[in-house]
2 protein chains.
Amino acid sequence: MSKMPTVKDVAERAGVSVGTVSRVLAGEAAVKPSLREKVNEAIVALGYRPNVTARALRTRRTDVIGLIVPDITNPFFAQLAASVERAAQDYRHSLMLASSHDDREAEQDHVVAFLDRSVRGIIAIASSDNPDLQLKSPIPIISLDRRFGAFPLVSTNHAQAAALIASHLFELGHRRIAYVAGPPDTEAGRARRKGFVTRMKQLSDEVELEVFFGKFDYESGEKIARDLLSRSPQDRPTAIAAASDQQAIGALRAARDLNVDVPRELSVTGFDDILLANLVVPRLTTVRQPTDTLARRAVELLFSQSSDIGDEMIDGSLIKRVSTGPAPQ
Amino acid sequence: MSKMPTVKDVAERAGVSVGTVSRVLAGEAAVKPSLREKVNEAIVALGYRPNVTARALRTRRTDVIGLIVPDITNPFFAQLAASVERAAQDYRHSLMLASSHDDREAEQDHVVAFLDRSVRGIIAIASSDNPDLQLKSPIPIISLDRRFGAFPLVSTNHAQAAALIASHLFELGHRRIAYVAGPPDTEAGRARRKGFVTRMKQLSDEVELEVFFGKFDYESGEKIARDLLSRSPQDRPTAIAAASDQQAIGALRAARDLNVDVPRELSVTGFDDILLANLVVPRLTTVRQPTDTLARRAVELLFSQSSDIGDEMIDGSLIKRVSTGPAPQ
DNA sequence: CTGAAAGCGCTTACAG
DNA sequence: CTGAAAGCGCTTACAG
């Protein structure tokens, strides 16, 4: 393979200095049009492509964004990652992806690795709260969905969204309800639970509300629902509200296995609106997180020069499907 | 922020030349132990971390691998991506992720972008066949799961795996079978169909086998199954074998909507064994693709110096669950 | 507006 | 085994 052409080759061919080549590359106005044209011709003639590594060494920045997710296999994070990649593209940036596998140490190692590679900014979906995290970073770091360290967070308004579900269930007449919460060591888990419980209490103090804690995954939902549904019919809840679609889908499976009809005998709700929510049987009533908006905002903040970036919350919206119905008598 | 220390700072503090620092960094044996020690002390004292960009500029290689997927939101690709990331980690490499959204042009743009960033190697899951793709690359490119251009492919032995399903269905007594194929413009789609059909013909020429073509997604499976199941019971197949789990899950949903009992009235099989396959109702009989092995092999090949890299196929394995049963009378 | 030159932080022949 | 020096391909003050 013949060597790639450099600014020097372009300069020679165009009969200008490398400085001038660099200036037209940068799109600087201050270049005489005739020279600019010659340079551009030389660029296409040679098939010149800037060496981004050399550029990065000089400018100390690259056109890549680092994204840390707990687990790309989780459909919600996959959706978020897809949205972040699209948003990054809009800024002509590439995406570096790292999975923490819910391991804090791995999370921090990935930050360091990203810093070493001088990424332009880091977006992190944290595995769990870690307010003590002390991390000096020369580049912006934004938390997405779940707060990383003490960095500014872009997320759905979890409390508001969870309250939507509470109202929906209440209106359907449910008065014996189980809430399957997310891990209490995540802000998202706490905010959703609080939003749900608060709204429910507000609506009436007659509601029997039980709260159970699990992880955000299928298994937690299935297990908790299984326990609940093996109670005698008059003792069990008429609705299970879960803190994630995955938990809700687990609950649906448990109901199926135990021959509990959804939604006739039991209503089930999720949170996230992953693709799957609309595919399971019965289709899941849930709350939609605006992943595209969240992702776009996160990368916008990365590029905003502003020094006082605060948290941003975006409202979720109720998606009524068929896993919820009137409370049984 | 105080400036990051460089080799020069380390050299000064250790009382050696930068060349020597670089040599101990490279782990070269040819450094006097006493000096090596001094250098190492200086490194920790200063908290020195090599500038990977400068290193990349000199050596023309980075420690990142580029991965191109059609859509990270597809659970099978997400699993594959997770496996690739893990394998890359084992080689201390980071992962750059790009989605092609089934767009060939985007696919090629991503390759170019990766090349610009001098990644160490590229792993590509192609959106569709493109044997005419002419692409000069100074770095290794490996196709994973679906062939990209004419680059060597690491994949499951699609034909063998599909034959496993054919045998399973035949043994259960099914003689009226519909095969929902993947896109004929993908090697994977063709190989699976061929493997299935060939084995079935081999088993008996009494089997009524209909083949339908779709995409690999939920919608295709649902639509095709819906058409099939709206026929009169004696005209419809007793088994639907799909070329992907997503298609099969779509088929399951159609069966549910049309009140066709699986597996009593209809057997359904998938392909991939995504996490979801074990979560749907009823749990899906499918064939497992060894994603970890596939991914590991692909990155191994990236690092293998060998110049004659050929295709590699890895066998799949039948996972019997409850979406298949004896053919109805 | 443009050129000549320094310098980003490394690695690696080249001498010795 | 080690040091001095060149050079990877850019960008950007500095002069003019």
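Note that the coordinates shown come from a computational prediction; the quantities given were computed from them, not determined experimentally.
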Would you find a donor on one side and an acceptor on the other, under 3.5 Å apart, between the side chain of B:Thr59 and the backbone of B:Arg55? yes
How would DNA chain D look in dot-bracket form, 5' to 3', counting Watson-Crick and G-U wobble pairs with both distances under 3.5 Å and writing | for bases paired to another strand? |||.||||||||.|||
What string of B, S and - do you get for nucleotides 7-16 of chain C, 5' to 3', when a contact is any protein heavy atom under 4.0 Å? BBBBBBB---
Contacts satisfying side-chain hydrogen bond (donor to acceptor under 3.5 Å, both in side chains) that involve residues 140-149 of chain A (not counting sequence neighbours) are A:Arg147-A:Glu187, A:Arg147-A:Asp311
Under a 3.5 Å distance rule, please check whether B:Arg61 uses its side chain to pair with a backbone N or O of B:Ile139 as donor and acceptor. no
Among residues two or more places apart or on two chains, list those pairs meeting side-chain hydrogen bond (donor to acceptor under 3.5 Å, both in side chains) that have a residue in residues 65-79 of chain A. A:Asn74-A:Gln246
For A:Phe151, give me all partners under ring pair (Phe, Tyr, Trp, His ring centres under 6.0 Å), at least two apart in sequence or on another chain. A:Phe148
Exercise: identify the closest heavy-atom pair between A:Ile72 and A:Ala78: O-CB, 3.5 Å
Side-chain atoms of residues 90-102 of chain A: list all donor-acceptor pairs with protein atoms under 3.5 Å, sequence neighbours left out, distances to 0.1 Å.
| residue | atom | partner | partner atom | Å |
| --- | --- | --- | --- | --- |
| A:Ser94 | OG | B:Arg117 | NE | 3.2 |
| A:Ser99 | OG | B:Glu85 | OE1 | 3.1 |
| A:Ser100 | OG | A:Asp102 | N | 3.3 |

